[in-house]
Amino acid sequence: MAAVSPFSALADASFPLITNMPARQQQSLNGQWRTIVDPFENGYYDYRLNPTDNGYAQDLDYSDPTELQEYDFGKDKFLQVPGDWNSQRPELYYYEGTVWYRNRFTPEITPGRRQFLYFGASNYETIVWLNGKRLGEHVGGFTPFNFEVTGLLNEGENSLVVKVDNKRRPEGVPTVNADWWNYGGLTRPVSIVETPAAFVRDYSVQLSPAQKNTVNAEFEVEGDGIGEVTLYIPELKINKKVAIGQDGRGSVSLKCTPQLWSPENPKLYDICIIAAGDTIRDEIGFRTISTDGTRILLNGKEIFCRGVSIHEEAPYNSGRSWSREHAHTLLNWAREMNCNFVRLAHYPHNEEMVREAERMGLLVWSEIPVYWTIHWDNPDTYANASRQLNDMITRDKNRCNIIIWSIANETPRSDARNQFLTRLAAEARALDGGTRLIGAAMEKDEIRPGVMSVDDALSDVLDIISFNEYIGWYDGKPEKCDTSNWEFTIDKPVFISEFGGGALAGLHGDPAHRFTEEHQEDLYRRHTAMLDRIPGLAGCTPWILKDFRSPRRHLPGIQDDFNRKGLISDKGDRKKAFYVMKNWYAKKLPQSSAKK
Ligand code: GCU
């Protein structure tokens with residue numbers, strides 16, 4: 001019998017993503033939630049594996065000893081939301097399974113307005129009930145989702161029950177193998193969003209990639225009665241009424257000459273969108289990104305992406321990061337290393353991280369977790385990847401600092417993989433409208449002894465030749481960098497999305513000994529000397545800014561469940577290789593800032 005999908009076709013209150021959460025009227029549901037750890041999913045399946053909404057979702061208090069009840073949220077343990085469960089409770093360190101979350105809350109409801117339940121992210125498979133009624137489900141651990149709850153909220157106390165299951169799945173995105181900790185739970189903020197009956201749900205305000213000095217604006221309204229919206233950009237003296245059609249959409253192209261956003265001048269403009277009864281404010285940067293042969297052009301000028309890769313893991317204490325403070329610390333570390341670019345690996349990071357990078361002048365590579373051995377032949381897997389791509393682009397399309405959408409990481413080559421990714425790249429291009437480059441982390445090939453390149457059909461559909469290579473760590477010893485040279489036949493920018501090697505901060509010794517800081521320092525010295533010889537190199541994001549937890553890293557006393565390739569330790573110690581990278585980037589600083 002086919003496994004009974006938990007996602008039966010019951011009423012589903014899922015709603016198209018409401019964008020720009022920081023500007024919306026929200027009642028936070030963050031805080032201590034009651035939880036039940038349920039490895040056998042006893043709260044959802046009966047002993048014949050039939051799913052039911054009449055289990056823990058009913059959130060009954062255990063009060064009548066004459067009745068049989070085998071759970072009671074009110075007497076069970078707490079977990080902090082947002083936050084993963086693995087780093088909050090020692091007994092959940094390795095836990096992969098279901099945890100039930102329960103929050104009882106009394107909302108402030110304004111008559112005549114609409115209410116939505118918003119989740120910044122939940123890893124991995126989530127089902128949501130409000131007052132015992134199922135609202136719907138979501139699959140995917142790193143993208144937002146929301147449900148309309150207008151008319152479903154009680155005036156007084158409400159019971160919100162959420163089943164989160166982080167078990168890895170072969171057909172999942174990512175699949176069962178990954179080199180990062182499988183942090184489960186309500187890992188990003190949860191809130192009740194209140195809007196007018198009719199409101200501006202989504203919009204795009206971007207500099208046209210095709211016509212100079214032209215801003216393209218598109219709007220999508222929800223609800224009836226909005227015949228036009230007005231776009232204000234005071235500093236640009238824009239005050240433009242835009243008609244909204246029967247389909248709830250409207251658009252306009254406006255001539256103007258904004259100051260262009262760049263890492264050296266991360267100029268953001270206050271914008272305001274006013275519709276009947278709704279006002280939405282945002283900060284928008286304007287820039288163009290394009291390629292010309294092997295050059296990446298930002299605002300028509302060649303740039304070198306002085307980057308570093310980053311996992312979404314909190315500084316100092318590990319666990320999922322989610323706050324502006326976490327973001328600021330991690331991004332400041334990148335800036336200290338003379339970076340103007342960050343690769344947010346291997347999944348969409350939280351919205352605070354992208355926005356803080358935009359404010360700080362850091363370009364971004366944003367990626368969906370189509371990672372390693374995805375099931376290329378499974379249509380559900382493609383639909384999942386496509387949904388995550390759509391949600392990543394929907395949420396962040398107005399963040400001008402994102403210049404690369406990445407659709408994959410280190411995926412074994414095959415016809416099925418090429419078809420899957422070619423289709424996904426086309427979807428990304430269509431969704432994005434040409435305002436960004438499409439990339440993926442491919443892998444290098446040694447095409448002749450000592451001669452490296454990338455021989456991957458995917459290169460034809462990407463805008464950059466982006467790939468991971470570990471010469472000197474997985475591929476030979478650091479000395480191999482000295483004798484490796486590179487050849488490329490495709491006239492596109494070369495971007496190395498990963499290179500590096502491990503070291504335990506504070507472990508010093510013979511540079512020939514792996515995991516000493518001296519070994520990592522020597523590797524980076526030889527590696528950057530090799531990078532200087534690569535024709536058409538337009539950027540790189542060494543792996544990785546900070547040591548991060550991984551279940552694949554077992555060497556006692558050295559790794560202890562940490563991938564030690566960080567240039568900074570999980571406790572914030574700069575390793576010697578950090579300064580090699582910092583100094584190599586210093587030589588690539590634009591002349592103006594190099595003088596400082
Ligand atoms: C791969 C992969 C990373 C991984 C790294 C490593 O390149 O993309 O996710 O952490 O190698 O082995 O450290």
Side-chain angles (χ1 to χ4, degrees), residues 123 141-142 168 172-183 307-313 318 320 330 342-349 365-374 385 404 406-413 417 421 439-446 452 454 456 458 462 464-478 480-481 494-505 514-515 519-520 523-524 527 531 539-555 558-570 575 577-578 581:
N123 188 42
F142 305 97
R168 290 162 291 126
V173 178
T175 180
V176 294
N177 57 340
D179 190 25
W180 68 80
W181 208 264
N182 181 24
Y183 289 116
V308 68
S309 294
I310 303 179
H311 257 303
E312 187 184 58
E313 193 176 68
S318 69
R320 278 278 169 248
L330 293 168
V342 288
R343 176 187 179 205
L344 301 186
H346 282 295
Y347 35 74
H349 285 214
W365 158 312
S366 190
E367 181 167 299
I368 53 172
V370 175
Y371 182 97
W372 289 357
T373 56
I374 293 285
I404 295 170
S406 169
I407 58 171
N409 179 77
E410 284 193 359
T411 50
R413 290 166 244 198
R417 168 265 201 179
L421 294 181
M442 298 182 282
E443 293 180 273
K444 75 118 170 73
D445 299 281
E446 189 156 1
M452 311 297 170
V454 174
D456 188 328
L458 202 53
L462 303 177
I464 52 177
I465 309 295
S466 39
F467 60 95
N468 300 344
E469 53 86 6
Y470 280 92
I471 296 173
W473 182 260
Y474 292 122
D475 176 4
K477 302 273 176 68
K480 182 167 182 177
C481 298
V494 174
F495 193 109
I496 302 186
S497 38
E498 287 182 36
F499 67 84
L504 175 66
R514 299 237 181 190
F515 292 111
H519 183 277
Q520 190 188 42
L523 170 60
Y524 267 79
H527 215 102
L531 299 183
C540 59
T541 47
W543 191 260
I544 189 169
L545 178 70
K546 176 188 83 70
D547 291 351
F548 62 95
R549 279 199 188 284
S550 166
R552 302 168 66 90
R553 309 295 169 176
H554 300 294
L555 185 58
I558 299 269
Q559 294 178 314
D560 300 319
D561 288 344
F562 275 94
N563 182 315
R564 293 291 183 196
K565 296 189 183 68
L567 291 160
I568 297 179
S569 78
D570 53 298
K575 302 174 192 175
F578 173 89
M581 209 63 224

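In listed order, ligands and their atoms are each counted from 1. Keep in mind the model is a prediction, meaning the values are calculated, not measured.
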Legend entry - Distance-only polar pair, side chains of D547 and S569, donor-acceptor under 3.5 Å: no
Legend entry - Check: H346 N/O within less than 3.5 Å of ligand 1 N/O: yes
Inset, instruction - From atom 3 (C) of ligand 1, work out which of E469, R564, E498 has a heavy atom at the shortest distance. - result: E498
Legend entry - I544, portion touching ligand 1 at heavy-atom distance under 4.0 Å: neither
Legend entry - salt_bridge(E443, R413) N-O dist < 4.0 Å: no
Inset, instruction - Go through the side-chain N and O atoms of H527 and Y470 and say whether any donor and acceptor fall under 3.5 Å apart. - result: no
Legend entry - Atom indices of ligand 1 within 4.0 angstrom of N468 heavy atoms, with elements: 7 (O), 8 (O)
Inset, instruction - Look at atom 10 (O) of ligand 1 and say which protein heavy atom is nearest, naming residue and atom and giving the distance to 0.1 Å. - result: D179 OD2, 2.5 Å
Inset, instruction - Taking only heavy atoms of F548 into account, list the atoms of ligand 1 that are under 4.0 Å away from them. - result: 10 (O)
Legend entry - Option with minimal heavy-atom separation from atom 6 (C) of ligand 1, where the choices are Y371, Y474, W473: Y474
Inset, instruction - Under 4.0 Å from a heavy atom of N409: give me the atoms of ligand 1 that qualify, with their elements. - result: 2 (C), 8 (O)
Inset, instruction - Check whether any side-chain heavy atom of Y371 sits under 4.5 Å from a side-chain heavy atom of D179, and report yes or no. - result: yes
Legend entry - D570 bridged to R564 by N-O distance under 4.0 Å: yes
Inset, instruction - Identify, for atom 13 (O) of ligand 1, the protein heavy atom at the shortest distance, and state residue, atom and that distance. - result: K565 NZ, 2.7 Å
Inset, instruction - Test the R514-W473 pair against the cation-pi criterion, namely NZ or CZ under 6.0 angstrom from the six-membered ring centroid and within 45° of the ring axis. - result: yes
Inset, instruction - Tell me, please: is R553 in heavy-atom contact with ligand 1, that is, under 4.0 Å? - result: yes
Legend entry - Basic-acidic side-chain contact under 4.0 Å: E313, K546: yes
